[in-house]
Every structure is written in structure tokens, then in C-alpha cells.
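Notes for the one structure printed next.
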Amino acid sequence: MAMALGVLLFTVAYAATDWYRTGAHVLFDQLNANPWPVVRQAWADNDGEEFW
């Protein structure tokens, strides 16, 4: 259950950050319709970043 909550919070935080940067609410609309593509996009976007 903790992992599911973590994924949910991560996805919502990613959508909120995207909304803050671009002003578009497309990811929030996609979250309402079908959350899995947004989760995959958020994971792929953060997986490609270099945090070191």
C-alpha cells in the first residue's frame, strides 16, 4: 500500500510540476482519463535525467 501511495504522489507531483513549468493542464486531464500513460511518462522522464 505504501508503494501505491508513493506512485500516486509521485505522479501527481510530476503533473503539478509540468503544469507549473508550462501552464498546460494536459497531464491532469490525462490523469483523470487514464493514469497509466502519465505514470509511464513521468517514470521515463525522470529515468533519463542525470541527478548526480
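We use all heavy atoms of the structure for the numbers below, so side chains are in, but hydrogens, waters and symmetry mates are not. Since this is a predicted model, take the numbers as computed values, not measurements. For reference, positions follow the sequence shown, starting with 1.
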(message) Going by side chain to side chain contact (heavy atoms under 4.5 Å, CB included), name the residues that satisfy it together with Val12, two or more places apart in sequence or in a different chain.
(response) Leu8
(message) Tell me every residue that passes side chain to side chain contact (heavy atoms under 4.5 Å, CB included) with Asn32, counting only those two or more places apart in sequence or in another chain.
(response) none
(message) Can you list, by chain and residue number, the hydrophobic cluster partners of Phe28 when the side-chain cut-off is 4.5 Å?
(response) Tyr14, Trp19, Tyr20, Leu27, Leu31, Val38
(message) Working to the nearest 0.5 angstrom, can you tell me the gap between Thr11 OG1 and Gln41 CD?
(response)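 Reported to 0.5 Å precision, the distance equals 10.5 Å.
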